[in-house]
Amino acid sequence: MNDGAALEVRGISKSFGRLRVLDGIDLTIPGRTTTAILGPSGCGKTTLLRLVAGFERSDGGTISIAGRSVQGSGRSTPPNRRDVGYVAQEGALFPHLDVRANIGFGLARWPAGRKAKRSRVEQLIELVGLDRGHAARHPHELSGGQQQRVALARALARRPSLVLLDEPFSSLDASARVSTRTAVAAALREEGVTTLLVTHDQSEALALADQVAVMVAGRFRQVAPGPEIYLRPIDLECARLLGAGSTLQGRAAGDWVECALGRLPLADSAPFTSAAVFIRPEQVTVHSGTAAVVTAVDYLGADKLAAIRLPSGEVVEARLAGTAALAAGDQVDVRVEGTVLAFASLDALGAKANSG
Ligand code: ATP
């Protein structure tokens with residue numbers, strides 16, 4: 001089907017007027033895999049997606065889809081000839097068409113007979129986990145999650161080489177978001193389609209993607225499998241974009257760092273002294289004692305997030321079981337499990353700049 005299909009982006013830049021939005025973007029997506037672009041609002045994620053779709057032209061660089069050049073050497077293939085499916089934030093379904101007709105629209109110029117098209121539509125309804133009883137409904141008779149499944153079915157209809165998903169779950173509430181995400185992931189896997197997903201939700205990126213590309217201010221900071229970035233982020237910003245964590249001041253020496261939580265082992269030895277120590281909340285455990293004080297507890301259902309002030313005045317976050325008996329004002333001791341991350345702290349960089 002789509003074996004060997006892939007996206008190759010090389011040296012892509014884009015400015016709007018004097019605003020440089022993308023600055024030398026390189027990205028390779030192996031066929032049949034999913035890559036998530038994760039980054040803060042306004043960093044350029046949607047712009048890159050729109051360039052790949054062909055809705056915008058880049059200022060420089062090249063884009064190939066499934067081995068075919070679609071942008072480069074002054075030439076740009078129009079969106080409808082790029083062999084790409086696109087799902088927007090809110091599915092943009094045709095309001096006057098029912099589910100079958102919306103999905104079938106994706107097959108309008110598919111070179112197949114009416115019977116083959118009808119059977120592809122039925123297959124897609126099943127693929128994205130839509131209730132067959134809903135197939136004759138119009139978009140306004142569907143929930144947001146069901147609408148997004150229809151949008152995905154339409155985008156997948158012609159078996160494109162590449163599917164682009166632009167924050168497809170951002171308009172859904174928390175429970176619909178997870179169930180829709182699960183259905184979408186299963187459909188993408190079953191079709192074996194190469195996918196580029198844009199999101200600012202790290203759990204979405206980690207759940208769906210084989211590869212996560214962290215974008216900050218129009219450049220990729222780190223491109224790697226999600227677990228690798230979560231465990232070995234290259235800087236503090238990547239660490240924070242992949243999930244919650246507390247930052248403490250520390251002094252590193254080789255494989256260890258000294259901070260308000262004691263002498264902790266480092267994930268990677270540090271070639272610097274003055275350090276920002278980064279600790280994930282699931283690494284922090286709470287014990288009976290009087291060294292620290294709980295300043296706030298957020299109850300999240302399955303777990304609780306506690307903010308704990310250390311004698312240094314610094315605050316660490318701990319993730320505890322939802323059933324843990326802990327309240328603001330409690331005195332506790334705090335320990336850290338496993339290795340921690342350390343980054344050259346801004347203080348250290350500042351000192352270097354001053355001494356230079
Ligand atoms: P979000 O997560 O909020 O959707 P994003 O990372 O997708 O953000 P983009 O939509 O790519 O960010 O926008 C990046 C920057 O480019 C923003 O500062 C935006 O205002 C600007 N921008 C995007 N499109 C245009 C345009 N057509 N004309 C002018 N500026 C634009």
Side-chain angles (χ1 to χ4, degrees), residues 7-29 34-63 65 70-71 76-80 82 84-92 144-145 147-148 151-152 155 162-174 176-178 180-181 184 195-209 211-224 226 229 233-244:
L7 173 69
E8 286 276 350
V9 170
R10 289 285 161 264
I12 284 289
S13 296
K14 177 73 182 171
S15 297
F16 291 111
R18 298 221 316 256
L19 179 69
R20 196 163 178 84
V21 174
L22 295 175
D23 190 11
I25 292 285
D26 293 326
L27 183 67
T28 301
I29 307 187
T34 295
T35 290
I37 304 178
L38 177 69
S41 186
C43 71
K45 305 181 295 292
T46 297
T47 301
L48 178 58
L49 212 67
R50 290 175 59 77
L51 288 169
V52 173
F55 301 144
E56 303 272 1
R57 282 181 82 148
S58 67
D59 301 333
T62 61
I63 302 174
I65 296 170
V70 295
Q71 161 91 65
S76 181
T77 306
N80 60 350
R82 290 197 174 198
V84 160
Y86 190 89
V87 179
Q89 280 184 20
E90 289 179 54
Q147 289 182 33
Q148 287 306 78
L152 178 71
L162 179 68
V163 168
L164 305 173
L165 308 177
D166 188 2
E167 307 228 18
F169 316 112
S170 61
S171 64
L172 308 179
D173 62 46
R177 193 176 293 193
V178 173
T180 309
R181 181 169 93 192
V184 165
T195 305
L196 180 57
L197 162 79
V198 155
T199 180
H200 57 249
D201 178 336
Q202 86 273 3
S203 61
E204 213 161 278
L206 291 170
L208 287 173
Q211 168 176 262
V212 176
V214 179
M215 184 184 273
V216 178
R219 292 181 181 200
F220 285 139
R221 281 280 174 85
Q222 192 169 6
V223 182
I229 306 185
I234 60 155
D235 60 23
L236 200 49
E237 206 159 2
C238 287
R240 287 181 174 146
L241 279 168
L242 264 282

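Both backbone and side-chain heavy atoms feed into the values below; hydrogens, waters and symmetry mates do not. Residues: numbered from 1 along the sequence shown. Indexing begins at 1, ligand by ligand and atom by atom, following the structure's order.
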**Student:** State whether the side chain of Lys45 and the backbone N or O of Met215 hold a donor-acceptor pair below 3.5 Å, judged by distance alone.
**Tutor:**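 Looks like no, no N/O pair under 3.5 Å.
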**Student:** For Ala92, is there any backbone N or O sitting under 3.5 Å from a side-chain donor or acceptor partner on Gln147?
**Tutor:**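 Answer holds: no.
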**Student:** Name the residues in contact with ligand 1, where contact means a heavy atom under 4.0 Å away: which are they?
**Tutor:**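 Ligand 1 pocket, heavy atoms under 4.0 Å: Phe16, Leu19, Val21, Pro40, Ser41, Gly42, Cys43, Gly44, Lys45, Thr46, Thr47, Glu167, His200.
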**Student:** Treating Gln71 as the side-chain partner and Gly60 as the backbone partner, does any N or O pair qualify as donor plus acceptor under 3.5 Å?
**Tutor:**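 Pair absent, no side-chain N/O of Gln71 close to backbone of Gly60.
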**Student:** A quick test of your reading: do over 12 heavy atoms of other residues, nucleotides or ligands sit less than 6.0 Å from CZ of Arg219?
**Tutor:**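 No, not enclosed.
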**Student:** Rounded to the nearest 0.5 Å, how far does CG of Leu51 lie from CG of Leu22?
**Tutor:**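 If we round to the nearest 0.5 Å, Leu22:CG and Leu51:CG are 6.0 Å apart.
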**Student:** Check whether any side-chain N or O of Arg177 sits under 3.5 Å from a backbone N or O of Leu172 as a donor-acceptor pair, and report yes or no.
**Tutor:**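 Yes.
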